[in-house]
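To start, the structure itself, in structure tokens.
What you see is a predicted model; the values in this text were computed from it and never measured.
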Amino acid sequence: AKEFYLRIAEMTGIPIIVYNIPSRTGYTVRGDFLIRLNEESRGKVIGVKNSANDVSLAVVLSRSIKEGQSIPIVYMQGNDRFLADAWSILRTAGYDREPASISGAASFLPYARIEMAILSAVGEGDYQRAESLQKELTVGGFKILGTNAELSEPAILKGLVRATDIPDYYLNTRMSR
């Protein structure tokens with residue numbers, strides 16, 4: 001896997017963000033791998049979008065921070081259910097970058113507002129408020145999507161479109177990308 005990313009970094013010359021989505025790839029990106037990848041790519045691998053169904057990557061990165069290691073990558077949480085937990089773990093360990101998220105739910109305004117509020121609360125060190133907002137986001141998502149954690153992006157988008165009465169052309173445009 002390392003050679004794959006290094007080759008892309010060499011060929012494109014643009015910054016690369018690694019997408020960690022074990023439910024689709026069968027492979028989990030590790031924190032030490034990301035740090036080495038950043039070093040060996042001479043800083044071209046700049047971040048990770050973590051869409052795993054847990055916070056293990058955040059935990060590993062936080063341990064590295066506590067051991068005095070610099071984390072030169074941007075961490076972006078992709079799985080909405082773990083937004084507050086992952087960022088609280090990183091911030092309490094001393095990760096000094098701004099909290100960030102890239103998620104499907106954030107494409108829809110009510111959820112984007114909640115996600116922004118979670119990131120703001122974590123940035124301010126108010127982890128209790130972040131956790132409360134996380135529950136609001138998770139409960140709201142389950143009301144629309146059901147409790148099946150393995151729903152695909154198309155299924156999620158279809159559910160959100162039906163729930164919010166967004167015109168069908170949006171869904172068709174989004175699905176054809």
Side-chain angles (χ1 to χ4, degrees), residues 1-6 8-10 12-108 110-142 149:
K2 181 173 70 171
E3 290 76 23
F4 171 77
Y5 288 110
L6 291 174
I8 292 173
E10 180 184 312
T12 63
I14 61 173
I16 296 173
I17 296 173
V18 175
Y19 191 0
N20 184 36
I21 184 162
S23 65
R24 301 283 171 86
T25 63
Y27 176 80
T28 299
V29 175
R30 296 182 331 268
D32 58 332
F33 172 81
L34 288 168
I35 294 166
R36 278 196 318 273
L37 197 55
N38 173 272
E39 291 167 358
E40 291 182 33
S41 71
R42 294 180 303 281
K44 291 180 183 167
V45 175
I46 62 163
V48 62
K49 175 184 177 181
N50 185 28
S51 292
N53 285 321
D54 59 37
V55 294
S56 59
L57 182 56
V59 169
V60 170
L61 291 173
S62 71
R63 284 186 191 140
S64 297
I65 293 167
K66 288 178 182 176
E67 292 169 0
Q69 188 170 10
S70 173
I71 305 297
I73 60 165
V74 175
Y75 180 93
M76 291 164 279
Q77 184 61 33
N79 188 326
D80 301 278
R81 291 177 296 145
F82 301 105
L83 183 61
D85 290 338
W87 272 104
S88 294
I89 289 166
L90 288 165
R91 289 304 275 236
T92 56
Y95 186 76
D96 60 358
R97 295 181 184 257
E98 285 299 311
S101 170
I102 301 176
S103 73
S107 300
F108 295 86
Y111 297 99
R113 287 183 180 145
I114 296 171
E115 285 200 6
M116 292 303 296
I118 292 170
L119 295 174
S120 177
V122 169
E124 295 165 6
D126 190 347
Y127 305 118
Q128 187 173 8
R129 189 173 109 231
E131 187 60 34
S132 174
L133 289 162
Q134 179 68 58
K135 289 176 186 169
E136 185 179 335
L137 178 68
T138 303
V139 169
F142 283 159

Which heavy atom of V122 sits nearest a heavy atom of A130, and at what distance? CG2-CB, 3.7 Å

Before giving the answer on side chain to side chain contact (heavy atoms under 4.5 Å, CB included), spell out for Q77 and V55 the whole-Å C-alpha distance, their side-chain angles and the decisive distance to 0.1 Å. CA-CA 9 Å; Q77 184 61 33; V55 294; 5.7 Å; no

Would you give the length of the straight line joining atom CG of D80 to atom CZ of F82, rounded to the nearest 0.5 angstrom? 10.5 Å

Could you go through R91 and Y127, starting from their C-alpha distance and side-chain angles, then the distance that decides it, and tell me whether this counts as side chain to side chain contact (heavy atoms under 4.5 Å, CB included)? CA-CA 10 Å; R91 289 304 275 236; Y127 305 118; 3.2 Å; yes

So, taking the atom named CD1 in I114 and the one named CG in L119, what distance separates them when rounded to the nearest 0.5 Å? 12.0 Å

V29: what forms a side chain to side chain contact (heavy atoms under 4.5 Å, CB included) with it, not counting sequence neighbours? V18, N20, Y27, F33, L34

Just by modelled atom types, is the I118 backbone N or O under 3.5 Å from a matching donor or acceptor in the Q134 side chain? no

Partner set under side chain to side chain contact (heavy atoms under 4.5 Å, CB included) for S120, not counting sequence neighbours: E124, R129

Could you grab the distance from atom CG of L37 to atom CG of D32, nearest 0.5 Å is fine? 11.0 Å

Going by atom type alone, with no hydrogens or angles, which donor-acceptor pairs under 3.5 Å involve a side-chain atom of residues 92-99 and a protein atom two or more places apart or on another chain?
from : atom 1 : to  : atom 2 : distance (Å)
T92  : OG1    : S88 : O      : 2.9
T92  : OG1    : I89 : O      : 3.2
Y95  : OH     : I73 : O      : 2.6
Y95  : OH     : Y75 : N      : 3.0
R97  : NE     : I73 : O      : 3.3
R97  : NH2    : P72 : O      : 3.3

Please name all residues satisfying side-chain hydrogen bond (donor to acceptor under 3.5 Å, both in side chains) with D54, sequence neighbours left out, ordered by chain then number. S56

Report the residues that fulfil salt bridge (Lys or Arg N to Asp or Glu O under 4.0 Å) with R63, sequence neighbours left out, ordered by chain and then residue number. none

Over all atoms of both residues, closest heavy-atom pair of L57 and G31: CD1-N, 3.4 Å

S62 side-chain N/O to L90 backbone N/O, donor-acceptor pair under 3.5 Å: no

Distance-minimising heavy-atom pair for L83 and S101: CD1-CB, 3.7 Å

Mind listing the closest non-hydrogen atom pair of I102 and K49 along with its distance? O-CE, 3.2 Å

Can you confirm whether I17 sits close enough to P15 that some side-chain heavy atom of one is under 4.5 Å from a side-chain heavy atom of the other? no

Could you walk me through whether E131 and D85 pass the side chain to side chain contact (heavy atoms under 4.5 Å, CB included) test, one step at a time? CA-CA 7 Å; E131 187 60 34; D85 290 338; 3.0 Å; yes

Test side chain to side chain contact (heavy atoms under 4.5 Å, CB included) applied to E10 - qualifying residues, sequence neighbours left out: R7

How long is the gap from CZ on R30 to CG on L61, to the nearest 0.5 Å? 12.0 Å

Taking only residues two or more places apart in sequence, or in another chain, which ones meet E40 in a salt bridge (Lys or Arg N to Asp or Glu O under 4.0 Å)? K2

Search all heavy atoms of I71 against all heavy atoms of S64 and return the closest pair with its distance. CD1-CB, 3.8 Å

If you look at every heavy atom in Y19 and S51, which pair is closest and at what distance? CE1-OG, 3.3 Å

Which residues share a side chain to side chain contact (heavy atoms under 4.5 Å, CB included) with S41, sequence neighbours left out: L6, A9, K44, V45

